[in-house]
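FYI, side chains are in, hydrogens and waters are out, and symmetry mates aren't considered; it's all heavy atoms of this structure.
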Amino acid sequence: MAVPGYMLVVGHSIDPPKMVAYGAALPPIYKKFNGYYLGIGGPGRGVELLEGAWFDHSMVLARFPTSDDPPKFWTSPEYVKAKELRIGAGIFNVFVMGGTGKKPPKGQPSFLISIYRAFDAEKLASIRAAIAEKATQRGIDILADAKFADMRKLEGDLRDFDIEI
């Protein structure tokens, strides 16, 4: 069974009309690559900041059948053309990571997305193990858990961040 791929976009939009046109062009491209949105929003639009600095960024979380599919989507002629619609519309950081193989919840799920920089990997490992155990005890699945070195960065300048979904 193929491991799903996830594409996470963290962006700051400054031109809403351009973003509306860009967003309208995407559904058929996602469909072509069997991708779909798991979550999309920003502060006051379904995203709640629990800790850290946020700067009014929006987020998109998309799932694809395999981790090879998001880069194919990203480099497809259809997406390259659609991406032109958002030139100058904001700043975006786009990452691709492999999933754990767990299925996302159906209905109106909630996702906790942690984006962090590990300064003390050894200390963080024990904290992450405790969090993973609590999640398992509560029936919560970790969909993706990627270190920066294991992700493919498609756009942006965020460096050395690990991501857990």
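The NZ atom of K102 sits 15.5 Å away from the CD1 atom of I165 when rounded to the nearest 0.5 Å.
Side-chain N or O atoms of S13 include none that pairs as donor or acceptor with a backbone N or O of D15 at under 3.5 Å.
Crowding of K153 atom NZ: a count of heavy atoms from other residues, nucleotides or ligands under 6.0 Å exceeding 12. Dense packing is recorded around CD1 of I14, with more than 12 heavy atoms of other residues, nucleotides or ligands lying under 6.0 Å away.
Within the 4.5 Å cutoff, the side chain of F92 has no heavy atoms near those of the H12 side chain. Counting only heavy atoms from C-beta outward, the side chains of K83 and W74 approach each other to under 4.5 Å. Here the side chains of M7 and F95 are not in contact, with every heavy-atom distance at 4.5 Å or above. A heavy-atom distance below 4.5 Å is not found between the side chains of V3 and S67. Side-chain contact between N34 and D69 is absent, with no heavy atoms from C-beta onward closer than 4.5 Å. By the 4.5 Å heavy-atom criterion applied to side chains, Y6 and L38 are counted as neighbours. The shortest distance between side-chain heavy atoms of L8 and V94 does not fall below 4.5 Å. Counting only heavy atoms from C-beta outward, the side chains of S76 and F33 approach each other to under 4.5 Å.
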Side-chain atoms of residues 16-32: list all donor-acceptor pairs with protein atoms under 3.5 Å, sequence neighbours left out, distances to 0.1 Å.
| unit_1 | atom_1 | unit_2 | atom_2 | d |
| --- | --- | --- | --- | --- |
| K18 | NZ | I87 | O | 2.6 |
| Y22 | OH | Y79 | OH | 2.6 |
| K32 | NZ | E78 | OE1 | 3.4 |
| K32 | NZ | E78 | OE2 | 2.5 |

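Closest heavy-atom contact between G5 and P70: C-CG, 4.3 Å. Here the closest heavy-atom approach between residue G156 and residue N93 is recorded as CA-OD1, 3.2 Å. Residues V80 and T75 share a closest heavy-atom pair of CG2-O, 3.9 Å.
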(Q) One pair to check against side chain to side chain contact (heavy atoms under 4.5 Å, CB included): I163 and M97. What are the steps and the verdict? (A) CA-CA 9 Å; I163 299 173; M97 63 204 86; 4.0 Å; yes
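No chain of hydrophobic side-chain contacts below 4.5 Å, direct or via other Ile, Leu, Val, Met, Phe, Trp or Tyr residues, connects V96 to L143. Criterion: ILVMFWY side-chain heavy atoms under 4.5 Å apart, direct or through other members. Under it, V9 and I40 are part of a common hydrophobic cluster.
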